[in-house]
Amino acid sequence: MSTTDFDRKKHWENIYQHKKVDEVSWYQPTPTTSLELIEGLDLPHTDKIIDIGGGDSFLVDHLLERRYEDLTVLDISEAAIQRAQQRLDAKANAVNWVVSDVTELQPSMVYDLWHDRAAFHFLTESQDIEQYLSIVSAAVKPGGYLIIGTFSEEGPTKCSGIDIKQYSATTLSAVFNPLFETVKCMNVNHETPFSTTQNFTFCVFERRGLV
């Protein structure tokens, strides 16, 4: 399938309409790595946080439990967003929900933290990567943070039937420098519901001041 024929939104709507929450490889009841990295930044609980490709991830549940007050979840799939809202019930009203392809996002505010676990690596075309970089650079305030988790060079080459782009700490840092300074990177194994292991590269970046 060529990239020109591929309908990204249709693909993800189909996934979330037909698979249960624990029938996808990225399922994590407790997103330990993301939580540890976020809490390690010691952000005020009033800071603006956006979770890119959050879908029906449980990260937002845990952030609400930790009393973070200004949360946004973005996903290309409306079905994924609806599932998270149904799970959270009344708590969903405390979250700003955005249905959008991240490459088409027009941020209405700047964020203190942009978190992306396993969305960025689906962007395999240079124009999409450049658009993502342009958007995240505008959306994260100087001194704010970016947390990115992608499949590593030891991880899968596909997910949900489509190609991904693998990254090492070095190649991931190269994408976001010089606008973002690398704070730390690490490799983490994720155990899927299917008893397989996926190796991730996680990096934390700090937005450099505007010149």
Side-chain angles (χ1 to χ4, degrees), residues 16 20-22 24-100 102 105-120 132 135-150 176 180-193 200-209:
Y16 284 104
K20 297 178 181 179
V21 66
D22 59 354
V24 293
S25 63
W26 55 89
Y27 171 66
Q28 277 186 313
T30 303
T32 304
T33 301
S34 293
L35 289 169
E36 289 178 352
L37 292 176
I38 291 170
E39 294 195 293
L41 296 174
D42 199 26
L43 301 174
H45 284 197
T46 53
D47 272 7
K48 292 179 170 59
I49 299 174
I50 185 168
D51 185 22
I52 301 300
D56 61 353
S57 160
F58 285 78
L59 179 62
V60 66
D61 306 56
H62 290 274
L63 292 177
L64 287 170
E65 288 175 4
R66 287 160 173 76
R67 302 186 184 280
Y68 289 94
E69 301 173 12
D70 198 334
L71 303 176
T72 298
V73 175
L74 175 145
D75 202 275
I76 194 171
S77 168
E78 185 173 4
I81 293 288
Q82 290 174 345
R83 290 200 332 195
Q85 291 172 327
Q86 291 168 2
R87 184 183 70 238
L88 286 166
D89 199 14
K91 292 180 181 179
N93 296 325
V95 179
N96 179 35
W97 303 94
V98 179
V99 178
S100 175
V102 66
L105 177 64
Q106 297 180 342
S108 59
M109 64 183 73
V110 291
Y111 297 93
D112 300 281
L113 172 63
W114 174 291
H115 172 272
D116 175 340
R117 173 187 178 266
F120 178 67
Y132 185 105
I135 291 168
V136 72
S137 298
V140 178
K141 73 175 189 180
Y145 294 95
L146 164 65
I147 296 175
I148 298 278
T150 70
F176 293 97
F180 289 85
E181 179 179 0
T182 305
V183 176
K184 67 184 292 185
C185 292
M186 58 196 295
N187 284 89
V188 180
N189 281 330
H190 165 62
E191 304 300 326
T192 76
F200 275 77
T201 296
F202 271 89
C203 286
V204 180
F205 303 100
E206 183 173 359
R207 180 72 166 94
R208 297 182 189 272

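Values reported hereafter were calculated over all heavy atoms of this structure, with side chains retained and with hydrogens, waters and symmetry mates removed.
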Shortest non-hydrogen contact from [X] to [Y]?
X      : Y      : value
Gly55  : Ala84  : O-CB, 3.6 Å
Asp75  : Gly54  : OD2-N, 3.7 Å
Gly53  : Ala119 : CA-CB, 4.2 Å
Ser77  : Val99  : C-CG1, 4.3 Å
Val110 : Ala138 : CG1-O, 3.6 Å

Rounded distance [0.5 Å steps], [atom1] in [X] versus [atom2] in [Y]:
X      : Y      : atom1 : atom2 : answer
Leu41  : Glu36  : CG    : CD    : 12.0 Å
Leu74  : Leu105 : CG    : CG    : 5.5 Å
Asn93  : Leu88  : CG    : CG    : 10.0 Å
Ile148 : Phe202 : CD1   : CZ    : 10.0 Å
Glu78  : Gln85  : CD    : CD    : 8.5 Å
Ile50  : Leu146 : CD1   : CG    : 11.5 Å

Check: Only one of Thr32, Leu113, Ile147 clears side chain to side chain contact (heavy atoms under 4.5 Å, CB included) with Leu37; which?
Finding: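 Testing each of Thr32, Leu113, Ile147 against Leu37, the sole residue satisfying side chain to side chain contact (heavy atoms under 4.5 Å, CB included) is Ile147.
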Check: What do you reckon, is CD of Glu65 surrounded by more than 12 foreign heavy atoms closer than 6.0 Å?
Finding: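 Atom CD in Glu65 is crowded, with more than 12 foreign heavy atoms closer than 6.0 Å.
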Note to self: The criterion is ring pair (Phe, Tyr, Trp, His ring centres under 6.0 Å); which residues satisfy it with Phe180, sequence neighbours excluded?
What the structure shows: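 Testing Phe180 for ring pair (Phe, Tyr, Trp, His ring centres under 6.0 Å), a comparison that skips the adjacent residues, returns none.
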Check: How far apart are the C-alpha atoms of Leu35 and Arg66, what are their side-chain angles, what is the distance that settles it, and do they pass the side chain to side chain contact (heavy atoms under 4.5 Å, CB included) test?
Finding: CA-CA 10 Å; Leu35 289 169; Arg66 287 160 173 76; 3.9 Å; yes
Check: With distance as the sole test, does Trp97 use its side chain to make a donor-acceptor pair with the main-chain N or O of Ala92 at under 3.5 Å?
Finding: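 Indeed, once roles are kept as given, a pair shorter than 3.5 Å links the two residues.
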Next item on the list: Taking the side chain as every heavy atom from C-beta outward, state whether Val136 and Asp116 have any atom pair closer than 4.5 Å.
Entry: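 No; the side chains remain at least 4.5 Å from each other.
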Checklist line | Flag side-chain contact, heavy atom, 4.5 Å: Arg117 against His190 | finding: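 The answer is yes, as the side chains (C-beta and beyond) meet within the 4.5 Å cut-off.
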Notebook entry, point to check: Mind checking what makes salt bridge (Lys or Arg N to Asp or Glu O under 4.0 Å) contact with Asp56, not counting sequence neighbours?
Noted result: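 In terms of salt bridge (Lys or Arg N to Asp or Glu O under 4.0 Å), with neighbours along the sequence ignored, Asp56 is linked to Arg83.
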Checklist line | salt bridge (Lys or Arg N to Asp or Glu O under 4.0 Å) involving Asp61 - partner list, sequence neighbours excluded | finding: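 Once residues adjacent in sequence are excluded, the partners of Asp61 under the salt bridge (Lys or Arg N to Asp or Glu O under 4.0 Å) criterion are Arg87.
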Margin query: By the ring-ring contact (aromatic ring centres under 6.0 Å, His included) test, which pairs, at least two apart or in different chains, include something from residues 42-69?
Written below: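 Listed once each, the pairs are His45-Tyr68.
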Margin query: Give me each pair satisfying ring-ring contact (aromatic ring centres under 6.0 Å, His included) with a member in residues 71-91, each pair once, sequence neighbours excluded.
Written below: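 Found none.
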Next item on the list: If a pair satisfies salt bridge (charged side-chain N to carboxylate O under 4.0 Å, His left out) and one of its residues is in residues 43-52, list it, with sequence neighbours excluded.
Entry: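 Non-adjacent pairs meeting salt bridge (charged side-chain N to carboxylate O under 4.0 Å, His left out): Lys48-Asp70.
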Notebook entry, point to check: Does the ring pair (Phe, Tyr, Trp, His ring centres under 6.0 Å) test come out yes or no for Tyr132 and Trp114, once each step is laid out?
Noted result: CA-CA 12 Å; Tyr132 185 105; Trp114 174 291; 5.7 Å; yes
